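For reference, the structure discussed in these notes is given below.
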Amino acid sequence: IMKFVPVNELPKKKAARHKLQDLIKEFCDGDYKIVKIDLDKHDYKSPKACCSTMHTAVKRSKRPVKVAIRGNDVYLIKL
């Protein structure tokens, strides 16, 4: 049976919004060939989710960047 549970306010969204295109541009303009993305527990549900989202953002940016995942770490690589 479905019930109502009273609450005082709506909980905040789980994940924060990120400006991925700005991050990709910053990486491309920088001097490093490979960078590891430092994930906070509030950023993405899992490293795989981050990798997938970052891959889509890189594809849309049309920049020469590859996304790789190794274990629980996500990397950006300049091509």
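Fair warning: this is a prediction, and the values are worked out from it, not measured in the lab.
For Asp29, the CG atom is densely surrounded, since the number of other residues' heavy atoms within 6.0 Å is greater than 12. Open room surrounds CG on Asp38; 12 or fewer heavy atoms of other groups in view lie less than 6.0 Å from it.
To the nearest 0.5 Å, atom OG of residue Ser61 and atom CE of residue Met54 are 10.0 Å apart. To the nearest 0.5 Å, the span separating OG on Ser46 from CG on Leu39 amounts to 9.0 Å. Put simply, NZ on Lys33 and CZ on Phe27 are 8.5 Å apart, with the number rounded to the nearest 0.5 Å. Expressed to the nearest 0.5 Å, how far SG of Cys51 lies from CG of Leu76 amounts to 9.0 Å.
Lys66 meets the side chain to side chain contact (heavy atoms under 4.5 Å, CB included) test with Ile77, Leu79; sequence neighbours excluded. For Arg60, the side chain to side chain contact (heavy atoms under 4.5 Å, CB included) test picks out Gln21, Thr56, with sequence neighbours left out.
Both Leu20 and Val58 belong to a common hydrophobic cluster when Ile, Leu, Val, Met, Phe, Trp and Tyr are linked at side-chain heavy-atom distances under 4.5 angstrom. Hydrophobic clustering (side-chain heavy atoms under 4.5 Å, transitive across Ile, Leu, Val, Met, Phe, Trp, Tyr) keeps Tyr75 apart from Val67.
Checking side-chain atoms of Thr53 against main-chain N and O of Ala49 turns up a donor-acceptor pair under 3.5 Å.
A cation-pi arrangement is absent between Lys78 and Tyr32, since the terminal nitrogen or guanidinium carbon is not both under 6.0 Å from the aromatic centre and inside a 45° cone about the axis.
Contact check for Val65 versus Cys28: side-chain heavy atoms found under the 4.5 Å cut-off. Side-chain atoms of Lys36 and Val74, non-hydrogen and from C-beta on, never get closer than 4.5 Å to each other.
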